[in-house]
Amino acid sequence: MEMDASGMVRRTDLYLRTEYPDLITIIYRIEANIFEIYCEGFDGDFEQFQKDFDYSIKMMTAPVILTQEHPNNYIEKIPQIPDNEISKGFEGIGMTLNMLSNVILAKFPKINFLKIEQSHNRTVNIYTKRYIEEIPKGKFHHFLSTGDRKLLENFLEGLKMPVKFEIIDEVSDKITE
C-alpha cells in the first residue's frame with residue numbers, strides 16, 4: 001500500500017479552520033504527496049500567519065504550505081473533513097506504533113497478529129500468524145483469509161497516513177491462546 005499524506009493534510013486543514021473559524025480554505029494536491037491550502041479571508045500579515053501555521057498548527061511531517069493564490073497547476077482538490085465527520089475512520093490522526101497496534105487489535109479481533117513494527121523508511125510491517133493446530137480429528141489451518149486481508153488493507157488505506165503499510169503472513173509455530 002502506497003503512502004498517502006492527504007489524511008494528515010485534511011486533518012491539518014481542520015486544525016487550521018478550528019483556530020481561524022472565519023477562514024475559507026481549499027486543499028489542493030500539487031503532486032502525489034505535496035499539498036497547498038488556499039486561504040481566503042485572512043487580512044493580517046500572511047508571512048507571520050504562515051510561520052504560526054508551520055510552528056503551531058501543522059504537524060511536522062505534513063507536506064503542506066499555505067497560499068493566498070489558487071495554484072495554476074494541481075492534480076486535484078481534496079475535500080475537507082466536515083465537522084460531522086471529525087472522528088470518522090481515524091483519518092489523519094497521528095498515532096504512535098502502540099496506538100496503531102491497539103486500534104488494529106480492537107478492530108480486527110479475529111486476525112492472528114504476530115507483531116507490528118516500523119522500519120526507518122516510513123513503512124509499517126504488520127505480521128500475521130500462519131500456523132497449523134493439531135486437533136483430535138486432524139489439523140486446523142490458521143491463516144489470514146483474503147476477505148480479512150482486504151478489510152485490513154481498506155482500513156489502513158482509509159487512515160491516509162504518510163506511511164506505507166506492508167501485511168506479511170508469517171509462518172509461526174506459536175498457537176494463539
Side-chain angles (χ1 to χ4, degrees), residues 1-15 17 26-37 58-64 73-177:
M1 284 174 275
E2 293 301 314
M3 291 186 257
D4 182 4
S6 65
M8 180 183 286
V9 172
R10 291 178 73 208
R11 183 69 52 178
T12 301
D13 173 73
L14 175 68
Y15 296 155
R17 290 183 288 120
I26 301 172
I27 307 166
Y28 292 96
R29 183 187 302 264
I30 306 301
E31 293 179 22
N33 275 312
I34 297 177
F35 302 83
E36 292 182 7
I37 298 176
K58 178 180 90 163
M59 291 176 256
M60 288 188 303
T61 57
V64 63
N73 298 311
Y74 60 91
I75 296 171
E76 65 179 325
K77 290 181 183 178
I78 304 292
Q80 297 174 330
I81 296 176
D83 292 344
N84 63 344
E85 293 183 7
I86 290 173
S87 63
K88 183 179 178 185
F90 301 100
E91 180 182 343
I93 295 176
M95 292 188 201
T96 65
L97 200 55
N98 282 340
M99 291 167 69
L100 178 63
S101 296
N102 289 335
V103 168
I104 290 173
L105 289 171
K107 185 142 181 81
F108 301 98
K110 293 180 183 176
I111 295 177
N112 293 310
F113 292 100
L114 184 62
K115 60 186 172 183
I116 299 174
E117 298 177 330
Q118 183 176 3
S119 64
H120 296 289
N121 64 351
R122 298 183 85 143
T123 300
V124 173
N125 295 315
I126 300 170
Y127 295 87
T128 62
K129 291 188 230 183
R130 184 168 25 113
Y131 61 93
I132 299 172
E133 180 181 5
E134 296 286 339
I135 57 175
K137 293 186 179 184
K139 296 178 181 180
F140 187 77
H141 294 262
H142 296 268
F143 60 93
L144 180 62
S145 71
T146 303
D148 283 342
R149 175 181 287 275
K150 190 65 179 163
L151 289 172
L152 180 58
E153 287 174 346
N154 289 343
F155 174 75
L156 295 170
E157 286 175 13
L159 293 175
K160 293 187 178 12
M161 298 178 102
V163 297
K164 182 178 180 182
F165 292 102
E166 292 287 338
I167 301 170
I168 302 164
D169 198 26
E170 190 169 282
V171 175
S172 175
D173 57 0
K174 299 174 185 172
I175 297 175
T176 304
E177 296 296 324

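The figures that follow rest on heavy atoms only: side chains count, while hydrogens, waters and symmetry mates do not. All values derive from a computational prediction rather than experimental measurement.
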Inset, instruction - Please lay out, stage by stage, how Asp169 and Arg149 fare under the test side chain to side chain contact (heavy atoms under 4.5 Å, CB included). - result: CA-CA 10 Å; Asp169 198 26; Arg149 175 181 287 275; 4.0 Å; yes
Legend entry - Pair Thr128-Asn112, side-chain donor/acceptor within less than 3.5 Å: no
Legend entry - side chain to side chain contact (heavy atoms under 4.5 Å, CB included) assessment of Leu152 paired with Phe165: CA-CA 10 Å; Leu152 180 58; Phe165 292 102; over 6 Å; no
Inset, instruction - Please name all residues satisfying salt bridge (Lys or Arg N to Asp or Glu O under 4.0 Å) with Lys77, sequence neighbours left out, ordered by chain then number. - result: none
Inset, instruction - Kindly indicate whether the side chain of Asp4, heavy atoms from C-beta on, has any atom under 4.5 Å from the side chain of Glu157. - result: no
Legend entry - Check: Leu14 and Arg11 side chains under 4.5 Å, non-hydrogen atoms: yes
Legend entry - Distance, nearest 0.5 Å, that separates CZ of Arg17 from CD1 of Ile81: 7.5 Å
Legend entry - Non-hydrogen side-chain atoms of Asp148 and Phe108 separated by less than 4.5 Å: no
Inset, instruction - Go through the steps to decide whether Ile104 and Leu156 satisfy the test side chain to side chain contact (heavy atoms under 4.5 Å, CB included), and finish with yes or no. - result: CA-CA 9 Å; Ile104 290 173; Leu156 295 170; 3.9 Å; yes
Legend entry - Distance in Å, Ile126 CD1 paired with Glu117 CD, rounded so as to fall on 0.5 Å steps: 11.0 Å
Legend entry - Reported OG1-to-CE distance for the pair Thr12 and Met59, which is rounded to 0.5 angstrom: 4.0 Å
Legend entry - Inter-residue atom distance Ile30.CD1 - Glu76.CD, 0.5 Å rounding: 10.5 Å
Inset, instruction - Could you tell me the separation between the CD1 atom of Ile167 and the CZ atom of Phe113, rounded to the nearest 0.5 Å? - result: 8.0 Å
Inset, instruction - Mark yes when over 12 heavy atoms from residues, nucleotides or ligands other than Lys107 sit less than 6.0 Å from its NZ; otherwise mark no. - result: no
Inset, instruction - Taking salt bridge (Lys or Arg N to Asp or Glu O under 4.0 Å) as the test, write out the residues that go with Glu31, two or more places apart. - result: none
Legend entry - Heavy-atom closest pair, residues Ile27 and Pro79: CD1-O, 4.3 Å
Inset, instruction - Report yes if some heavy atom in the side chain of Ile116 is under 4.5 Å from a heavy atom in the side chain of Val124; otherwise report no. - result: yes
Legend entry - Considering all heavy atoms, the nearest Ala5-Asn33 contact: N-OD1, 2.8 Å
Legend entry - Approximate separation, where rounding is to 0.5 Å, of Arg10 CZ and Ile78 CD1: 8.0 Å
Legend entry - Nearest heavy-atom neighbours spanning Glu166 and Thr123: CG-CG2, 3.7 Å
